[in-house]
Amino acid sequence: MLELLYKRRSIRRFNDIPVEQEKVDQLVKGVLLAPSSRSLDAQRFIVVDNKELLEKLSVSRNHGSSFLKNAPLAIVFIGDSSLSDVWVEDTVIAATFTQLLVESLGLGSCWVQIRNRTHDENTSSDEYLKKLLSIPEELQVECIIGLGYPEEKKPPHTDEKLKYDRVSLNSYGNKLK
Ligand SMILES: Cc1cc2nc3c(=O)[nH]c(=O)nc-3n(C[C@H](O)[C@H](O)[C@H](O)COP(=O)(O)O)c2cc1C
């Protein structure tokens, strides 16, 4: 697992090949296995493999989402705030599960932040996606994970880059190392 965490990097360029249905099925199992507060299952997901829709997803933000245009697959992570006051945590855990599962399947992925972001000066990214994907008004979009077979190769994280000064032992500021 730790090796997987070192290897995981944000991948924004993908080969022009589809993700096999078997892998898509595993990714769907992965999101459904993510825990939720009080087991309320406040997360909802949309798997997008339609090229035209992916192009439209790529402009959900004024910047930071353009790479989705060339991704063969994306999963949209949605929360239901009427079910849970911690829908953000619930959806983020499912998205994180997805990024790690993606890595373990030999694929690559990158997060697109949607909550608190804008499509243009008059429209939030959440509003834009609700209209595009027929998402009910009372739900909230947290993020999109774009994924596919990596076209770019990035070096894994290294121990030298780990900032141990961010970690304390027993009391804040008490150095661990
Ligand atoms: C909460 C969150 C939001 C992010 N939003 C975006 C985004 O909107 N667009 C994007 O291209 N990358 C986004 N990223 C990816 C980060 O830029 C990336 O994880 C970071 O630079 C570290 O690089 P690494 O993932 O290769 O380790 C996001 C990552 C996180 C955790």
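This is a predicted model, so every value here is computed, not measured. Note that ligands are numbered from 1 as they come in the structure, with each ligand's atoms numbered from 1 the same way.
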If you define the side chain from C-beta out and look only at heavy atoms, does anything of Leu73 sit under 4.5 Å from Val48? no

Is the side chain of Gln99 donor-acceptor paired with the backbone N or O of Ile145 at a distance under 3.5 Å, no angle test? no

Report each N/O pair between ligand 1 and the protein that falls under 3.5 Å, naming both atoms.
| from | atom 1 | to | atom 2 | distance (Å) |
| --- | --- | --- | --- | --- |
| ligand 1 | 8 (O) | Arg61 | NH1 | 2.5 |
| ligand 1 | 8 (O) | Gln113 | N | 3.0 |
| ligand 1 | 9 (N) | Gly64 | O | 2.8 |
| ligand 1 | 9 (N) | Trp111 | O | 3.3 |
| ligand 1 | 11 (O) | Arg12 | NE | 2.8 |
| ligand 1 | 11 (O) | Arg12 | NH2 | 3.4 |
| ligand 1 | 12 (N) | Arg12 | NH2 | 3.2 |
| ligand 1 | 12 (N) | Trp111 | O | 3.2 |
| ligand 1 | 17 (O) | Arg12 | NH2 | 3.3 |
| ligand 1 | 19 (O) | Ser10 | OG | 3.2 |
| ligand 1 | 25 (O) | Arg8 | NH1 | 2.8 |
| ligand 1 | 25 (O) | Arg8 | NH2 | 3.3 |
| ligand 1 | 25 (O) | Ser10 | N | 3.3 |
| ligand 1 | 25 (O) | Ser10 | OG | 2.6 |
| ligand 1 | 26 (O) | Arg9 | NE | 2.8 |
| ligand 1 | 26 (O) | Arg9 | NH2 | 3.4 |
| ligand 1 | 26 (O) | Ser10 | N | 2.7 |
| ligand 1 | 27 (O) | Arg8 | NH2 | 3.0 |
| ligand 1 | 27 (O) | His157 | NE2 | 3.0 |

Donor-acceptor list for residues 27-40 side chains, cut-off 3.5 Å, not counting sequence neighbours:
| from | atom 1 | to | atom 2 | distance (Å) |
| --- | --- | --- | --- | --- |
| Ser36 | OG | Leu40 | N | 3.2 |
| Ser36 | OG | Asp41 | N | 2.8 |
| Ser36 | OG | Asp41 | OD1 | 3.4 |

Compute whether any side-chain donor of one residue and acceptor of the other, for Asp159 and Tyr6, lie under 3.5 angstrom apart. yes

Thr91 versus Gln43, side-chain donor and acceptor atoms under 3.5 Å: no

Between the side chains of Arg115 and Glu142, is the shortest nitrogen-to-carboxylate-oxygen separation below 4.0 Å, so that they form an ion pair? yes

